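As the structure is a computational prediction, the values presented were derived from the model and not from experiment.
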Amino acid sequence: MDGAKENKFFKGAFSVVGIMSTLVIYGVLQEKIMRVPYGPNHEFFKQSLFLVFCNRITTSAVSAIFLLTSKKALDPVAPVYKYGVVSISNILTTTCQYEALKYVSFPVQTLAKCAKMIPVMIWGTLIMQKKYKGPDYILALLVTLGCSLFILFPGASELSPYRKERESTVWGVSLMIGYLGFDGFTSTFQDKLFKGYDMGIYNQIFYTTLCSCMLSLTGLILQGNLLMAIDFVSHHKDCFFDIALLSTVATASQFFISYTIRTFGALTFATIMTTRQLVSILLSCVWFAHPLTVEQGIGAVIVFGSLYAKGFLRRKPEKQLPSSHKSDEEATVPLKTIA
């Protein structure tokens with residue numbers, strides 16, 4: 001019995017350290033690449049779609065290796081166009097996220113992501129015909145209230161490197177709304193694919209990211225940004241290193257997430273992710289000197305307090321579920337492709 005508990009402890013520690021370290025590094029690198037100038041001329045990296053391409057091609061290659069080593073077929077389980085739908089929405093999600101960092105700080109963006117439960121609920125009702133209970137709506141409203149306080153009352157000294165305005169610009173907020181809407185659709189449609197087809201996680205990762213590679217590469221060529229991005233990273237080796245590390249930790253975090261969901265379930269994963277968001281905000285505030293106002297502090301307390309309260313309130317009922325029920329619940333957790 002003690003051996004089983006010790007084994008579970010080490011598995012838990014492995015999951016927590018893996019997710020926290022990779023995603024915190026990922027968050028810091030995101031902000032550095034999009035908001036910190038490179039070189040003596042203080043040039044900013046602007047081709048956010050190139051970051052999407054690098055992330056996806058790395059994840060696609062690693063997932064293909066996993067599929068081959070596990071001796072599972074590389075054939076698509078669902079029609080290819082359905083993988084393409086997920087890819088398009090995911091590219092739009094990621095592009096909105098990177099572009100938003102030009103106008104809002106990483107702490108603002110990270111906390112705003114917590115409000116994604118409202119678009120997820122909307123898409124779940126429209127696509128999956130799901131029904132939600134009163135407490136779910138109350139929680140969503142509380143989180144949205146906290147996020148609104150955080151976004152509407154930024155520090156006075158916070159300036160966008162692209163616009164000399166307060167960070168709560170209409171364009172930045174619009175990009176975050178776009179991010180939340182597309183991200184909610186992506187997760188819901190992935191959930192629908194898992195339920196409608198006998199689809200493994202690596203199969204969906206491989207074909208979704210492969211489609212994303214082709215779409216993002218096409219977009220870069222049509223915009224004329226591919227050669228510009230390559231020229232930029234060739235002249236700024238530190239930017240090349242940052243992008244390579246960003247792609248590596250993004251891929252690693254994807255597999256840590258899959259392992260955690262399958263081993264411990266959705267509740268433990270949600271708790272770890274909430275903690276990760278809090279740590280990322282605090283680290284960004286220290287590293288990049290983002291001042292927090294009193295209103296932002298209140299907003300952060302409301303958001304994280306609500307999310308942790310949700311976890312603690314649901315912890316006891318989850319333990320009482322038979323193992324077969326728990327498996328069904330975990331099987332419906334959608335794959336979360338890291339942006």
Side-chain angles (χ1 to χ4, degrees), residues 22-23 26-27 29-35 44-67 74 76 78-103 109 113 174-176 178-187 189-190 193 201-234 236 239-255 257 334-339:
T22 54
L23 290 186
Y26 177 80
L29 284 172
Q30 272 188 86
E31 185 164 17
K32 182 185 177 187
I33 293 170
M34 298 305 299
R35 292 181 64 88
F44 288 97
F45 183 83
K46 299 179 180 180
Q47 289 76 34
S48 56
L49 195 58
F50 185 74
L51 299 181
V52 179
F53 173 72
C54 292
N55 287 2
R56 298 304 180 263
I57 197 170
T58 304
T59 306
S60 180
V62 174
S63 59
I65 293 172
F66 269 83
L67 276 174
L74 278 173
V80 176
Y81 79 88
K82 293 192 175 182
Y83 294 102
V85 170
V86 176
S87 298
I88 292 171
S89 64
N90 189 253
I91 286 175
L92 292 171
T93 298
T94 310
T95 303
C96 284
Q97 173 179 310
Y98 286 137
E99 287 296 311
L101 278 174
K102 296 177 180 179
Y103 308 102
Q109 187 189 88
K113 289 179 183 179
S174 299
L175 285 167
M176 284 309 303
Y179 163 82
L180 293 171
F182 290 125
D183 188 61
F185 175 83
T186 302
S187 299
F189 200 79
Q190 286 174 326
L193 286 183
I201 289 178
Y202 299 133
N203 182 278
Q204 188 177 117
I205 292 177
F206 174 68
Y207 279 100
T208 300
T209 53
L210 186 63
C211 290
S212 296
C213 287
M214 293 186 290
L215 290 170
S216 55
L217 180 60
T218 302
L220 283 168
I221 294 173
L222 292 177
Q223 294 173 1
N225 288 338
L226 179 61
L227 294 179
M228 291 175 62
I230 294 174
D231 181 67
F232 188 93
V233 297
S234 65
H236 302 283
C239 182
F240 173 81
F241 175 78
D242 288 341
I243 293 175
L245 185 57
L246 180 78
S247 300
T248 302
V249 296
T251 301
S253 64
Q254 180 62 73
F255 293 99
I257 287 171
L335 163 70
K336 176 64 182 134
T337 304
I338 298 301

Legend entry - Intermediate values then yes/no, side chain to side chain donor-acceptor pair (under 3.5 Å), T94 and R56: CA-CA 11 Å; T94 310; R56 298 304 180 263; 2.8 Å; yes

Inset, instruction - Quick one: do T93 and F185 satisfy side-chain contact (heavy atoms from CB on, under 4.5 Å)? Show the steps, please. - result: CA-CA 9 Å; T93 298; F185 175 83; over 6 Å; no

Inset, instruction - Quick one: do N225 and F232 satisfy side-chain contact (heavy atoms from CB on, under 4.5 Å)? Show the steps, please. - result: CA-CA 10 Å; N225 288 338; F232 188 93; over 6 Å; no

Legend entry - T59/T251 under side chain to side chain donor-acceptor pair (under 3.5 Å): CA gap, chis, key distance, verdict: CA-CA 5 Å; T59 306; T251 301; 3.0 Å; yes

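In this structure, CG in L220 is found 4.0 Å from CG in L49, a value given to the nearest 0.5 Å. A distance of 10.5 Å separates CG of L51 from CD of Q97, quoted to the nearest 0.5 Å. Note: K46 NZ to M228 CE = 7.5 Å, rounded to the nearest 0.5 Å. In this structure, the separation between CD on Q30 and OG on S48 is 11.0 Å, given to the nearest 0.5 Å. If you take OG1 on T209 and CD1 on I57, they are separated by 9.5 Å, rounding to the nearest 0.5 Å. Separation of atoms CD1 (I88) and CZ (F182) is listed at 10.5 Å; rounding is to 0.5 Å.
A distance-only check finds no donor-acceptor pair linking the side chain of T95 to the backbone of L92 [under 3.5 Å]. A donor-acceptor contact shorter than 3.5 Å links the side chain of S216 to the backbone of C213. The main-chain N or O of D231 is found under 3.5 Å from a side-chain atom of S234 such that the two form a donor-acceptor pair.
S89 is not listed as a side-chain neighbour of F189, based on a closest heavy-atom distance of 4.5 Å or more. Taking 4.5 Å as the limit, some side-chain heavy atom of I243 sits within range of a side-chain heavy atom of F45. The closest side-chain heavy-atom distance from V62 to F66 is below 4.5 Å.
For the pair F206 and L67, the tightest heavy-atom approach, listed with the atom from each and the gap, is CB-CD1, 3.9 Å. Here the closest non-hydrogen pair linking Y98 and M34 is O-CE, 3.7 Å. For the pair I205 and S63, the tightest heavy-atom approach, listed with the atom from each and the gap, is CG2-CB, 3.7 Å. Taking every heavy atom of both residues into account, T58 and C54 meet most closely at OG1-O, 2.8 Å. Summarising the geometry of N55 relative to S247, their closest heavy-atom pair is OD1-OG, 3.0 Å, with the distance given to 0.1 Å. Nearest heavy atom pair, residue S87 against residue L215, reads CB-CD1, 4.0 Å.
With F53 as the fixed residue, the side-chain contact (heavy atoms from CB on, under 4.5 Å) test singles out one of T218, L217, L226: L217.
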